[in-house]
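Report on the following structure.
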Amino acid sequence: WQASYRYWWAHISNKDLPPFNRQDNFPKKEQLIDDWLLVRAFCRDCAEELANEYKLVPILTMIPEDMQTHWLNESLAIGEEILRS
């Protein structure tokens, strides 16, 4: 995703738009977000599995609960947006 997004940003996107509006016009935005959600879920699962396997402190317990809630709500909102489109 990095290469295709960066190419689009540098050569195709509307440079007159503010950055957030500009990135919102990325033609494969939904696919990128879908993949991003899968990677986030995979990373959480891996962190949990590693903590269990090697008797480590689960990393999510080190993150303040309000931040965990914020991240979860953010992921859910993105998922809902994808489903609406």
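The basis for the numbers below is simple: all heavy atoms, side chains too, and nothing from hydrogens, waters or symmetry mates.
Taking the side chain as every heavy atom from C-beta outward, N25 and L17 approach each other to under 4.5 Å. Inter-residue side-chain proximity for K28 and S4 is flagged as unmet; no heavy-atom pair is nearer than 4.5 Å.
The backbone N or O of R22 lies less than 3.5 Å from no partner atom in the side chain of K15, so there is not a single donor-acceptor pair.
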- [ ] Take D66 and H70, measure what side-chain contact (heavy atoms from CB on, under 4.5 Å) needs, and give me the verdict at the end.
- [x] CA-CA 6 Å; D66 62 326; H70 172 74; over 6 Å; no

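Taking the salt bridge (charged side-chain N to carboxylate O under 4.0 Å, His left out) definition, one finds that D24 meets it with K29, sequence neighbours left out.
Both I12 and W9 belong to a common hydrophobic cluster when Ile, Leu, Val, Met, Phe, Trp and Tyr are linked at side-chain heavy-atom distances under 4.5 angstrom.
We find the CD-CE distance between E74 and M67 to be 9.5 Å, quoted to the nearest 0.5 Å. Separation of atoms CG (L37) and CZ (F42) is listed at 15.0 Å; rounding is to 0.5 Å. Interatomic distance, L32 CG to Q2 CD, rounded to the nearest 0.5 Å: 9.5 Å. A distance of 12.0 Å separates CG of L38 from CD1 of I33, quoted to the nearest 0.5 Å.
The list of ring-ring contact (aromatic ring centres under 6.0 Å, His included) pairs with a residue in residues 11-31, not counting sequence neighbours, reads Y5-F26, Y7-H11, W8-F26.
The shortest heavy-atom contact between I63 and W71 is CD1-CZ3, 3.3 Å. Contact record, P58 with A51: CA-CB, 3.8 Å, taken as the closest heavy-atom pair.
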